[in-house]
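For reference, the structure is listed below as structure tokens.
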Amino acid sequence: MNYYNVLFNIALSKSFTYKSTQNIEVGSRVLVDFNNRKKVGIVLEKTTQINIDDIKEIKEIISILDNKPVITEELIKTINFASYYYLSPRGLILRNALPSKAFSKEPINFEKNSIKKQINHQKFFNLNDEQKKIYESIDLKIFNVNLIFGVTGSGKTEIFLHLIRDVIEKGKNALVLVPEIVLTNQYKRVFEEKFLDTVGVYHSQLTPKQKFLEWLMFKKQEKRVLLGTRSAAFVDLSDTGLIVIDEENDDSYKQENTPSYNAKDLLIYRAKQLNIPVILSSATPTVETYYKASITKKFKLFKLNNRINNCELPVIEFSKPENTLLSIKSQEYIKKSIEEKQTCAILVNRRGFAHFLICGDCGYIFRCPNCNVSLVYHKKTKDLKCHFCESSFEIPKKCPNCSSYNIKDVGTGTQKMEEFLRENFGNINIARLDRDTASSKKNAYNIVSNLLDGKIDIIVGTSMISKGYDIEKINLVIISNIESIFALPDFRADEKCVSLIIQTAGRSGRKQKGNVIIESKLPSRLENFIINHDYEGFLKEEINLRKSLNYPPFSHLIRILSQNTNEKVAKQNIQLCFEILKNSGFSFLGPTKCPIDKIKNKYRYHIIIKTNDIFKTLHFITAELLDKNLNFDVDPISFF
DNA sequence: AGCACGCCGACT
DNA sequence: GTCGGCGTGCTC
């Protein structure tokens, strides 16, 4: 008789021991009786150590579902590591790692047919000298991490397209991670010119069946390039020869809620196991990545200083509006852009119409009853929306506090900007790109296609517009109310602000020299770096700041969150955590109320640990603080 | 995560 | 007297 440890896709780290007369390969899907119902599990390992005292009964595996294992030993190792490092149940990591259909009982045929290969060599541009040098320097044979740090429009994509071609020629696959779902579709257009029918996409907006098919086709090498968002970090990489993480600075590679994980860090971990190269690409790399590339030399650093066609970087100016939504200067520039049939991009860092509604008489602010945040006024849908719990409320006619009818809206959202532009510039084509308009697949696709075809005069949007759309006709970029980035306490606020501005500014002037107007007042040290396009200078100074404050990359943070509908319980749980940590010798902040102290009717308290020995700290937490009604966020990027 | 079990409050 | 709220505990 053989004994196997089986893992289920439930919120448990524990595996369960089953027996079988058959010899089962590690990673196979099996059907077993679990708690009196049939369930699909994954064989993690063969075992001989069984403690009969702990287990009432060892049940027999009912059947082996497929002809081959569903996951490799490397992926099992990755799941174990992710669970340990991110303090999340192994079963939940497993659930994230496979398409949901893999947990249904139907057998899967993993038998490989012939490997597809389609390359249209005519569609590759010739690399310039700067690009060529990087292309030739990147070693595809072994594990190494390469940062391509290139100004926007310098042709980073073209370099990895050439490398992907080489990888495919050698019979291997390539995985390309992008930050947003809409980008997978834009990239698909570009990639399919070169790799025709062998380009797959993988993200959470696919239907369960689509997701399963894309996952399977990549595994079987019927698709050779996979464009995915962070959930693609767990796809089968047994035949993969290159991993690209585009816009590596993007926050969306980190999943905040359980199971929390950072797709970028996990893929570097996997690449090391698999001995394959990783490319990180960005115009504004994170302080952490740049530090590893320039100081500790864990990563290789490649810089692209020139834009393709030798087009100059745009002129950046600061201009604060007086009483209007946009300064007179911006309005004049917009008029000129429309006359010249160019596209103008306007970044507004908030969706909806206004930031909030306020009573003009008593100052009452309309807040979400479930979350302690102000409600955002949406004129299009005629309601007040909470951006944290997504609930919607009717617009009150009078103030609930003083019954006044004098209700005003404060702040500018994408909708208000759109309305302002329609009123001031008449009959022009304006498109809005934010989470509200991009939520339906067709809509987002139409906006992006129209943009690429140059059919739009003005595009108004949130940071979504700054993520990698190559639109030749954009010559003017206006960045409005960026100060809100500083509203929440975050040691990365400066970095987020500068990188968002540089990224957005980079949308301008791909063909001829463009203009950028920033309608905010920023600390002068930041303004200087921005005007001079000196992101590297900013990074160097920021590294010194982080060092003096012992912040990442010089330390690791772990955020411990206590959430409960009962405020007393939330407080008790974090207090208990405090008592345990008090004598641990670790340095930490708190416990305090979170900056947003109620979300979805749950009261929130947190403690933030700062540690120079992450593994020692993880070990302590695993031993002392797990299963105490706490949430953990290792290497957090947001603190609200 | 499910799902059963169990112990109190508001109805026909 | 019963239905059903969701707190606790277990799954090889």
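A, B, ... follow the sequence lines: proteins, then strands. Residue 1 opens every chain. Note that this is a predicted model, so its numbers are computed, not measured.
Both the sub-6.0 Å distance and the 45° axial angle are not jointly satisfied by A:K571 relative to the ring of A:Y603. A:K219 forms a cation-pi arrangement with A:F110, by the criterion of a distance under 6.0 Å to the ring centre and an angle within 45° of the ring axis.
A:I58 places its CD1 atom 13 Å from the P atom of C:dT11, with the value rounded to the nearest Å. Here the P atom of nucleotide B:dA1 and the CG atom of A:L7 are 14 Å apart, to the nearest Å. Put simply, CD1 on A:I10 is 17 Å from P on C:dG9, counting in whole angstrom units. The interatomic distance linking A:K46 (NZ) with C:dC12 (P) rounds to 22 Å, in whole Å. In this structure, CG of A:L12 is placed 11 Å from P of C:dT11, rounded to the nearest angstrom. Rounded to whole Å, the distance from CG on A:N9 to P on C:dT11 is 18 Å. As a whole-Å value, the separation of A:R90 CZ from B:dA1 C1' is 16 Å. In this entry the distance linking CG of A:N257 with P of B:dA1 reads 12 Å, nearest Å.
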Report the C-alpha separation of A:D33 and A:K59 in whole Å, then their side-chain angles, then the decisive distance to 0.1 Å, and conclude whether the salt bridge (Lys or Arg N to Asp or Glu O under 4.0 Å) test is met. CA-CA 7 Å; A:D33 187 297; A:K59 293 181 184 172; 2.8 Å; yes
Verdict with supporting geometry, A:I607 and A:I574, side-chain contact (heavy atoms from CB on, under 4.5 Å): CA-CA 8 Å; A:I607 284 175; A:I574 204 75; 4.0 Å; yes
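Aromatic ring orientation, A:H556 versus A:Y85: perpendicular (interplanar angle above 60°, classes split at 30° and 60°).
Among the protein residues, A:K14 comes within range of the nucleic acid bases, having at least one heavy atom under 4.0 Å from a base atom.
Taken residue by residue, residues 33-41 of chain A places heavy atoms nearer than 4.0 Å to DNA chain B at A:N35, A:R37.
At a threshold of 4.0 Å, the pair A:E390-A:K385 does not count as salt-bridged, since none of the basic side-chain nitrogens sits closer than that to a carboxylate oxygen.
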